[in-house]
There are 2 protein chains.
Amino acid sequence: MALRPIPAVPAETSKRTPARKGLRFLQNAKKPETVQRILLTAERMFAERGLAGARIDEIAADAKVNKALLYYYFGSKRELHRHVLERLFALLLTSVEAGRQNKGSPKENLLGYVNGYFDFVSRHPNYPRLVQREVMECGKHLAWIVDNYLRPLHQRLARAVERGITAGEFRRVDAQHTVTTLIAMTTFYFAAAPLLSELWGRDALHPRAVEGRRRAILDFLEHGLFRARTRSR
Amino acid sequence: MALRPIPAVPAETSKRTPARKGLRFLQNAKKPETVQRILLTAERMFAERGLAGARIDEIAADAKVNKALLYYYFGSKRELHRHVLERLFALLLTSVEAGRQNKGSPKENLLGYVNGYFDFVSRHPNYPRLVQREVMECGKHLAWIVDNYLRPLHQRLARAVERGITAGEFRRVDAQHTVTTLIAMTTFYFAAAPLLSELWGRDALHPRAVEGRRRAILDFLEHGLFRARTRSR
DNA sequence: GCGGTTTAACTAAACGGTTAGTCTAGTCGG
DNA sequence: CCGACTAGACTAACCGTTTAGTTAAACCGC
């Protein structure tokens, strides 16, 4: 049943991230497909079992390379994990960047963010589990992620909500909690997809199920946040 | 700041779960407080770092017992982990059982569940992280948890939603997705509490913050689910 | 074009630190 | 005496990491 592992999805853009010193594969990269295969396999494993639970041997075997190659490219398990995360965060940022529209009403603006985030996560279903894992342990690693990636996103969303409130399009809600709820509705669904598949007896990541989820979120959002002419307050 | 570990909370009832054969501490239990201390420490560690990430030596040291005592009582790391989970599930079931009210309108009924779940989670903030960890990996362990604990709960909630719809009190929403959203709004908040604390610069588990979250959820629920006279559809 | 050199990609196998789990010998309170 | 518990040494396996190579292609002077 739907408890098969969730495959990692490669980057949609062929151009790679700018060079980082000390990392061979980003400088010359004669065979980028191997590095990709390692990254995608690692993404899947880390999402499923976490940094501590994933096994280097298994990642190497699944990626069909010798495990020494992981060290040749990434230096250590932690570094590999960091690269998996950073790759996804970079994709998320560009994805959200692409989906935003500064013109348009606050409602259209917010819906752009919500749909953008939902699109990204449905294209990268491992992302929520990887981030959830980071977010659940209170280490300094977390602070770094928050400062560099999550806080900017949350602040944008919060501002979008506040603009909607001052424009009178949204109800007078708590912006912080509303953003949390928005993120939760998408993130939880994909992070708990194995559970929901088991629970419903059908694959929660099937495209039809995913679109159903999107509709449910937009519906809830519509009647939970937006002030319509026919509704009070 | 708010990145301190989240303490585990002991059972509210003094009576223990019925005896299981093969487990010394449940049969005679001359010093139940030691067993409790082990369980609560393990709960905190497993929530923070997961089964694979938590260290037996560290749990023993934090619980101020000799490591051999963990094996004396629980036999293995996995068994200890299983007991931590089962203890919490048992508490959850009794807690939800206590909070339900079959009389009353569908709305009151559903609110009873939502508040009951919220109360339980806010009293046991480690629960969401422990369960989230289980739910994210697709093992057979998951199927067992779902069948025994999660499915019954979800079904009750789904029926509560459906009754509200047929009674005309709720909008005509998808019951499954609505339940998922209800669970998500509470679960995600507490599971991601370390993140939110970091993000907001204040402790997300502080009682005032927790009550703020409850209000936000109920508000969202009110305007997202319930059909009011003044609202359309 | 051709031998020789370099370099990136990759491997087999060992190495060694960590850690779950065990054992012994014993203490202490009732 | 017995059951709860400790101190701490110990083991065996697991698993991250390293080493010491091999292969193949690109490069280069002639």
Side-chain angles (χ1 to χ4, degrees), chain A residues 16 19-46 48-85 133 137 141, chain B residues 16 19 21-46 48-85 133 137 139 141:
Chain A
R16 252 162 286 105
R20 298 178 133 275
K21 35 188 178 278
L23 292 169
R24 260 169 272 212
F25 74 96
L26 287 172
Q27 292 169 342
N28 24 31
K30 304 243 170 133
K31 292 226 175 172
E33 67 272 15
T34 306
V35 172
Q36 273 272 331
R37 211 168 59 244
I38 295 172
L39 278 170
L40 297 184
T41 310
E43 177 186 316
R44 181 163 43 78
M45 295 298 236
F46 285 139
E48 206 166 294
R49 313 195 196 167
L51 172 59
R55 299 295 136 205
I56 284 283
D57 292 79
E58 211 172 343
I59 295 173
D62 267 39
K64 297 199 195 336
V65 296
N66 188 280
K67 72 172 160 168
L69 201 62
L70 305 193
Y71 291 89
Y72 175 72
Y73 282 125
F74 297 97
S76 74
K77 193 188 189 184
R78 287 201 79 90
E79 277 291 287
L80 173 57
H81 184 255
R82 214 174 54 84
H83 273 87
V84 166
L85 273 182
R133 289 205 134 92
E137 47 208 84
H141 198 193
Chain B
R16 251 162 288 104
K21 35 188 178 278
L23 293 170
R24 260 170 273 209
F25 72 98
L26 288 173
Q27 291 168 343
N28 27 31
K30 305 239 172 139
K31 294 229 175 170
E33 66 272 14
T34 306
V35 172
Q36 273 271 334
R37 212 169 57 244
I38 295 172
L39 278 171
L40 297 185
T41 309
E43 178 186 315
R44 181 164 43 80
M45 296 296 237
F46 285 140
E48 205 167 295
R49 314 196 195 166
L51 173 58
R55 300 291 139 213
I56 284 284
D57 292 81
E58 207 173 346
I59 294 174
D62 266 39
K64 297 196 193 344
V65 296
N66 188 278
K67 165 166 88 140
L69 200 61
L70 303 192
Y71 291 91
Y72 177 71
Y73 281 127
F74 297 98
S76 74
K77 192 188 188 185
R78 287 203 78 89
E79 278 292 288
L80 174 57
H81 183 255
R82 212 174 56 82
H83 272 87
V84 166
L85 272 181
R133 288 206 137 90
E137 51 206 82
H141 197 194

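Residue numbering restarts at 1 for every chain, and letters A, B, ... go by the order of the sequence lines. Since the model is a prediction, treat every value here as computed from it, not as a measurement.
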Participant: Under 3.5 Å, is there a donor-acceptor pair between the side chain of B:Lys77 and the main chain of B:Ala54?
Facilitator: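 Present.
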Participant: Reckon A:Ala52 touches a base, only the sugar-phosphate, or nothing at all at heavy-atom distances under 4.0 Å?
Facilitator: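 Nothing, no heavy atom under 4.0 Å.
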Participant: Please report, rounded to the nearest Å, how far the C1' atom of C:dA20 is from the NE2 atom of B:His81.
Facilitator: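 Taking atom C1' of C:dA20 as the reference, NE2 of B:His81 is at 16 Å.
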Participant: When the distance from NZ of A:Lys67 to C1' of C:dA9 is rounded to whole Å, what number comes out?
Facilitator: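 A:Lys67 atom NZ is separated from C:dA9 atom C1' by 19 Å.
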Participant: Atom NZ of A:Lys77 to atom C1' of D:dG16: distance rounded to whole Å?
Facilitator: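 Between C1' of D:dG16 and NZ of A:Lys77: 8 Å.
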Participant: Quick one: is C:dC10 close enough that its OP1 or OP2 comes under 4.0 Å of any side-chain N or O from A:Asn66?
Facilitator: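 For C:dC10, neither OP1 nor OP2 has a side-chain N or O of A:Asn66 closer than 4.0 Å.
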Participant: What integer distance in Å separates B:Ile56:CD1 from D:dA13:P?
Facilitator: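 Answer to the nearest Å: 19 Å.
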Participant: Are any of B:Arg55's side-chain N or O atoms less than 4.0 Å away from OP1 or OP2 of C:dT18?
Facilitator: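 For C:dT18, neither OP1 nor OP2 has a side-chain N or O of B:Arg55 closer than 4.0 Å.
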Participant: As a test of reading the structure: which of D:dG3, C:dG21, C:dA9 is closest to the side chain of A:Tyr72, going by heavy atoms?
Facilitator: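 Of the options given, the side chain of A:Tyr72 lies nearest C:dA9.
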Participant: Whole-Å distance between C:dA20 C1' and B:Glu58 CD?
Facilitator: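 Rounded to the whole Å, the gap is 14 Å.
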Participant: Under 4.0 Å: is that the gap between some side-chain N or O of A:Thr34 and OP1 or OP2 of C:dA9?
Facilitator: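 So the side chain of A:Thr34 is outside the cut-off, no N or O lying under 4.0 Å from OP1 or OP2 of C:dA9.
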Participant: Starting from C1' on D:dT11, measure out to OH on B:Tyr71 and report it in whole angstrom.
Facilitator: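 Distance, rounded to whole Å: 13 Å.
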Participant: Need one value for A:Leu69: base, sugar-phosphate or nothing, where a base atom within 4.0 Å counts as base even if backbone is also close, heavy atoms only.
Facilitator: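 It contacts base atoms.
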Participant: Could you state the CG-C1' distance from B:Leu80 to C:dG21, rounded to the nearest angstrom?
Facilitator: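 The answer, rounded to whole Å, is 13 Å.
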Participant: Taking NZ from B:Lys64 and C1' from D:dA4, how many angstroms apart are they, rounded to a whole number?
Facilitator: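 Those two atoms, NZ and C1', are 19 Å apart.
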Participant: Run the side-chain contact (heavy atoms from CB on, under 4.5 Å) test on A:Phe74 and A:Val35 for me, step by step, so that the C-alpha distance in whole Å, both residues' side-chain angles and the decisive distance to 0.1 Å come before the verdict.
Facilitator: CA-CA 9 Å; A:Phe74 297 97; A:Val35 172; 4.0 Å; yes
